[in-house]
Colleague: 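Got a structure for you, written out below as structure tokens; questions coming shortly.
Bear in mind the structure is a predicted one, so any value in this text is a computation, not a measurement. Letters A, B, ... mirror the listed sequences (proteins, then strands); counts begin at 1.
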Number of protein chains: 2
Amino acid sequence: MPEVSSDFLDDYLPYLLRRADQTLSAPFYAVLNEYGIARSEWRVLAVLEELGELSVLDLAAAALSPQPTVTHALRRLEKRGLVARTTGTIDKRQRFISMTSAGSALTTTLMAEAKRLEAAALSEAGDLSDLVAKLVELTARIEAHTAAPNTEASA
Amino acid sequence: MPEVSSDFLDDYLPYLLRRADQTLSAPFYAVLNEYGIARSEWRVLAVLEELGELSVLDLAAAALSPQPTVTHALRRLEKRGLVARTTGTIDKRQRFISMTSAGSALTTTLMAEAKRLEAAALSEAGDLSDLVAKLVELTARIEAHTAAPNTEASA
DNA sequence: TGACTTCGCATTCGTGTGAATCTATTGTCC
DNA sequence: GGACAATAGATTCACACGAATGCGAAGTCA
């Protein structure tokens with residue numbers, strides 16, 4: 001016998017989270033492909049639709065994406081007429097991003113599809129509010145724990 | 001009032017999963033960068049270390065990555081002497097991938113670091129076995145639900 | 001055995017990604 | 001007010017990613 005399996009993955013939360021995400025998202029990613037929308041672009045659109053006008057940095061934070069990735073996505077989305085950029089009035093460094101009506105319409109469609117597919121996949125799953133609550137709490141706790149101790153973001 | 005926020009994201013499980021994953025994994029990704037290991041390569045290494053010799057397709061499935069991505073990762077890992085490729089004896093199409101001692105050593109180190117960082121991040125979190133169980137169950141259910149109905153993997 | 005299909009993996013190639021860097025603007029301190 | 005640091009965002013550039021495709025090696029059926 002070549003050594004007992006050490007069961008790293010089965011206890012490694014990031015693996016389980018990623019696995020669940022991928023399994024759940026796969027059908028929707030196919031939809032995105034049909035619309036020619038990259039995943040990073042979808043994340044930007046969803047955040048914008050939900051939170052309204054945002055600066056690039058706020059957008060990046062909410063979309064869980066690095067700033068350059070968001071900037072690239074915005075350029076593409078702007079070229080397609082889905083979002084608009086306006087220079088900040090108070091702080092001229094800032095660019096405030098907002099949806100165009102076309103962008104909002106598309107995003108609404110995508111969100112509906114996303115929710116539909118999610119609901120279909122979860123139809124047989126039981127009580128998920130518990131899972132959601134734990135996920136939210138966990139994330140919040142880690143974020144606090146990571147940001148707080150050193151006051152400084154390490155290199 | 002510009003319409004009540006529809007709270008899409010707060011209820012959208014893929015977003016929550018991804019958010020938790022990223023938050024939890026961020027410190028470890030910094031470690032990977034230090035070692036010059038891409039994320040896809042880490043996933044391959046972790047699976048190999050845990051499951052032992054595997055074919056490319058099995059590896060891809062376990063690593064949650066597309067096959068070409070795995071092949072690319074393997075080429076790089078082989079070039080660095082971390083994995084070895086042997087042609088299958090029965091089926092000559094297959095390539096069985098195995099760890100070299102150097103690869104295994106590195107992976108063991110990385111796994112230890114991953115577990116250490118995970119434990120640190122989760123130190124204040126309460127009972128997670130519940131969360132893990134729910135995640136596993138959820139994933140399994142979706143996978144079954146997705147694969148079963150049609151007997152065939154759709155295009 | 002030969003034609004055809006299916007499967008495993010490699011390769012190509014276009015594209016998204018993100019670390020590092022740069023520019024422009026703002027805040028700060030003297 | 002001028003010099004310096006800090007910040008917002010754009011840009012550059014190298015590289016990973018993955019869809020499409022190619023190719024060789026089994027199965028299959030006659």
Side-chain angles (χ1 to χ4, degrees), chain A residues 18 22 25-26 29-45 53-80 83-98 151-155, chain B residues 18 22 25-26 29-45 48 53-80 83-98 152-155:
Chain A
R18 184 181 178 78
Q22 283 204 189
S25 299
Y29 287 163
V31 172
L32 284 183
N33 283 340
E34 291 173 16
Y35 283 86
I37 298 286
R39 295 173 194 187
S40 62
E41 293 165 15
W42 151 246
R43 286 176 199 126
V44 164
L45 288 175
E53 207 170 62
L54 286 175
S55 73
V56 174
L57 283 185
D58 288 345
L59 202 47
L64 312 178
S65 309
Q67 174 260 314
T69 296
V70 170
T71 294
H72 289 311
L74 287 176
R75 183 173 41 73
R76 281 173 254 143
L77 291 174
E78 190 180 25
K79 196 172 297 178
R80 290 174 67 166
V83 305
R85 243 186 282 218
T86 55
T87 300
T89 54
I90 300 175
D91 188 333
K92 289 176 186 168
R93 292 171 300 181
Q94 290 186 322
R95 301 298 146 84
F96 284 100
I97 316 300
S98 57
T151 310
E152 290 209 75
S154 59
Chain B
R18 184 180 179 80
Q22 283 204 187
S25 298
Y29 287 162
V31 172
L32 284 184
N33 284 340
E34 290 172 15
Y35 283 87
I37 299 286
R39 296 173 193 186
S40 61
E41 292 166 16
W42 151 247
R43 285 176 200 127
V44 164
L45 289 175
L48 265 186
E53 208 171 62
L54 286 176
S55 73
V56 174
L57 283 185
D58 289 345
L59 202 48
L64 313 178
S65 309
Q67 175 261 313
T69 296
V70 170
T71 294
H72 288 311
L74 287 176
R75 182 174 42 73
R76 281 172 253 142
L77 292 173
E78 189 181 26
K79 196 172 295 177
R80 290 174 67 166
V83 305
R85 244 185 283 216
T86 55
T87 300
T89 54
I90 301 174
D91 188 333
K92 289 177 185 169
R93 291 172 300 183
Q94 290 186 321
R95 301 298 145 84
F96 284 99
I97 316 301
S98 57
E152 289 208 74
S154 59

Colleague: Please work out if A:Thr71 contacts a base, only the sugar-phosphate, or nothing of the nucleic acid, heavy-atom cut-off 4.0 Å.
Modeller: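 Base contact - A:Thr71 has a heavy atom under 4.0 Å of at least one base atom.
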Colleague: How close or far is atom P of C:dG8 from atom CG of B:Leu74, stated in whole angstroms?
Modeller: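 The answer, rounded to whole Å, is 16 Å.
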Colleague: Considering all heavy atoms of both residues, which atom of A:Lys92 and which atom of A:Thr87 are nearest to each other, and what is their separation?
Modeller: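 Scanning both residues completely, I find the closest heavy atoms to be O-CG2, 3.5 Å.
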Colleague: Counting side-chain heavy atoms from CB outward, which of C:dG16, C:dG8, D:dG9 is closest to B:Gln94?
Modeller: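 Nearest to the side-chain atoms of B:Gln94, counting from C-beta on, is C:dG8.
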Colleague: Using a distance-only criterion (donor-acceptor N/O pair, under 3.5 Å, no hydrogens), is the base of C:dA10 paired with the side chain of B:Gln67?
Modeller: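 Such a pair is found, so the answer is yes.
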Colleague: How close do B:Glu41 and B:Ala73 get, counting heavy atoms only, and between which atoms?
Modeller: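 Taking every non-hydrogen atom into account, CG-CB, 3.9 Å.
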Colleague: Can you check the A:Tyr29 OH to D:dC17 P distance for me, whole Å?
Modeller: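 The answer, rounded to whole Å, is 15 Å.
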Colleague: Could you tell me the separation between the CZ atom of A:Arg39 and the C1' atom of C:dG16, rounded to a whole number of Å?
Modeller: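 Going from CZ in A:Arg39 over to C1' in C:dG16 covers 11 Å.
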Colleague: Tell me: CG of A:Leu64 to P of C:dG16, nearest whole Å?
Modeller: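 Those two atoms, CG and P, are 20 Å apart.
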Colleague: Quick check on C:dG8: is either OP1 or OP2 less than 4.0 Å from any side-chain nitrogen or oxygen of B:Ser55?
Modeller: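 No, no such contact exists.
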Colleague: If I take atom CD in residue A:Glu78 and atom C1' in nucleotide D:dT11, what distance separates them, rounded to the nearest angstrom?
Modeller: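 Atom CD in A:Glu78 sits about 15 Å away from atom C1' in D:dT11.
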Colleague: Considering non-hydrogen atoms only, spot the tightest contact between B:Leu54 and B:Leu48 and give its length.
Modeller: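 Taking every non-hydrogen atom into account, N-CD2, 4.3 Å.
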Colleague: When you measure from the side chain of B:Arg95, which nucleotide among C:dT6, C:dA10, D:dC17 comes out closest?
Modeller: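 Out of C:dT6, C:dA10, D:dC17, the nucleotide with an atom closest to B:Arg95's side chain is C:dA10.
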Colleague: Would you classify A:Ile90 as touching base, sugar-phosphate or nothing, given that sugar-phosphate means primed atoms plus P, OP1 and OP2, and contacts are heavy atoms under 4.0 Å?
Modeller: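 Answer is sugar-phosphate: A:Ile90 comes under 4.0 Å of backbone atoms only.
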Colleague: Over all strands shown, is B:Arg76 touching base, sugar-phosphate only, or nothing at heavy-atom distances under 4.0 angstrom?
Modeller: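 Sugar-phosphate, no base atom in range.
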Colleague: Quick check on DNA chain D: between A:Asn33 and A:Arg85, whose nearest nucleotide comes earlier from the 5' end?
Modeller: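 Nearest nucleotide further toward 5': that of A:Arg85.
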Colleague: Just compare C:dA20, C:dT26, D:dG18 and give me whichever is closest to any side-chain atom of B:Pro68.
Modeller: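 Shortest atom-to-atom distance from the side chain points to D:dG18.
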Colleague: What is the distance, to the nearest angstrom, from the CG atom on A:Asp91 to the P atom on D:dG9?
Modeller: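 Interatomic distance, CG of A:Asp91 to P of D:dG9: 8 Å.
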Colleague: If you look at every heavy atom in A:Ser65 and A:Arg43, which pair is closest and at what distance?
Modeller: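 Closest approach of A:Ser65 to A:Arg43: OG-CD, 4.4 Å.
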Colleague: Classify the nucleic acid contact of A:Ser65 as base, sugar-phosphate or nothing, counting any heavy atom under 4.0 Å across all strands shown.
Modeller: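 Nothing: the residue A:Ser65, judged by heavy atoms under 4.0 Å, touches no strand.
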Colleague: Give a yes or no on this: more than 12 heavy atoms of other residues, nucleotides or ligands lie within 6.0 Å of atom OH of B:Tyr35.
Modeller: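 Count not over threshold, so no.
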Colleague: Distance criterion of 3.5 Å, no angle test: do you see the side chain of B:His72 paired donor-to-acceptor with the base of C:dT12?
Modeller: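 By the distance-only test, yes, there is a pair.
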Colleague: Name the residue closer to the 5' end of DNA chain C, choosing between A:Lys92 and A:Arg43 according to the nucleotide with the nearest heavy atom.
Modeller: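 The answer here is A:Arg43.
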Colleague: I need the CG-C1' distance between A:Leu57 and C:dA24, as an integer number of Å.
Modeller: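 It is 14 Å, rounded to the nearest whole Å.
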Colleague: If every non-hydrogen atom of B:Trp42 is compared with every non-hydrogen atom of B:Ile37, which pair is closest and at what distance?
Modeller: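 Between these two residues, the closest heavy atoms are N-CG2, 3.7 Å.
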Colleague: Taking atom types as they are modelled, would you say the side chain of A:Arg93 forms a donor-acceptor pair with the base of C:dT26 within the 3.5 Å cutoff?
Modeller: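 Checked by distance alone, the answer is no.
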Colleague: Nearest-Å distance, CD (B:Glu41) to C1' (D:dC15)?
Modeller: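 For the pair B:Glu41 CD and D:dC15 C1', the rounded distance is 11 Å.
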